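Here is how names work: the chains are called A, B, and so on, in the same order as the sequence lines, proteins then strands, and each is numbered from 1. What you see is a predicted model, and the numbers here were worked out from it, not measured in a lab.
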Amino acid sequence: MAPAADPAERILAAVRAIPRGEVAGYGEVARRAGLPGRARWVARLLAASDDPELPWHRVLRSDGRIAFAADSDPWREQAGRLRAEGVQVVAGRVRPAPRGRSLDAEVWGPA
DNA sequence: CATATGACGTGGG
DNA sequence: CCCCACGCCATAT
């Protein structure tokens, strides 16, 4: 199945492709759709779409934070939807930080 | 046509 | 963690 020619449609497809229980950044979605730099367009499309099946709640800012104003209605809505599918949301942030090994360990290796 | 506005992103202080 | 500047781009005014 050939990729949609309509860029807007590609973006929505990229959003629909985010697996349940996972998230992606606006810029990330744009890149996946082959439209680097169009993060803002992604946001605009989500706001404009009326498709109830569109998993818009899985799209966050690149820092893992919900894009809406903290404690706003839509903010609570998104946090709730995410938690509903098992995503950890703390203070409006998903997975506080992809904390891995320290840089020291990363550079100098174990022991 | 000139500005302003955002569900954004990155880099720097 | 905070704040700021700048880049980016479709829409709205």
Under the side-chain contact (heavy atoms from CB on, under 4.5 Å) criterion, do Ile18(A) and Val29(A) qualify, and how do the steps go? CA-CA 9 Å; Ile18(A) 303 172; Val29(A) 169; 4.2 Å; yes
Are Arg81(A) and Glu77(A) close enough for a salt bridge, meaning some N to O gap below 4.0 Å? yes
Contact between Val87(A) and His57(A) at the side-chain level, heavy atoms closer than 4.5 Å - yes or no? no
side-chain contact (heavy atoms from CB on, under 4.5 Å) partner of Val23(A), chosen from Leu82(A), Ile66(A), Val59(A): Leu82(A)
Whole-angstrom distance between dG7(C) and dG6(B), as gauged at atom C1': 14 Å
What does the B/S/- profile of nucleotides 4-11 of chain B look like, 5' to 3', with a 4.0 Å heavy-atom cutoff to protein? --BBBSS-
For Ala14(A) and Arg32(A) the tightest heavy-atom approach is CB-CB, 4.4 Å
P spacing across the pair dA7(B) / dC6(C), given as an integer number of angstrom: 22 Å
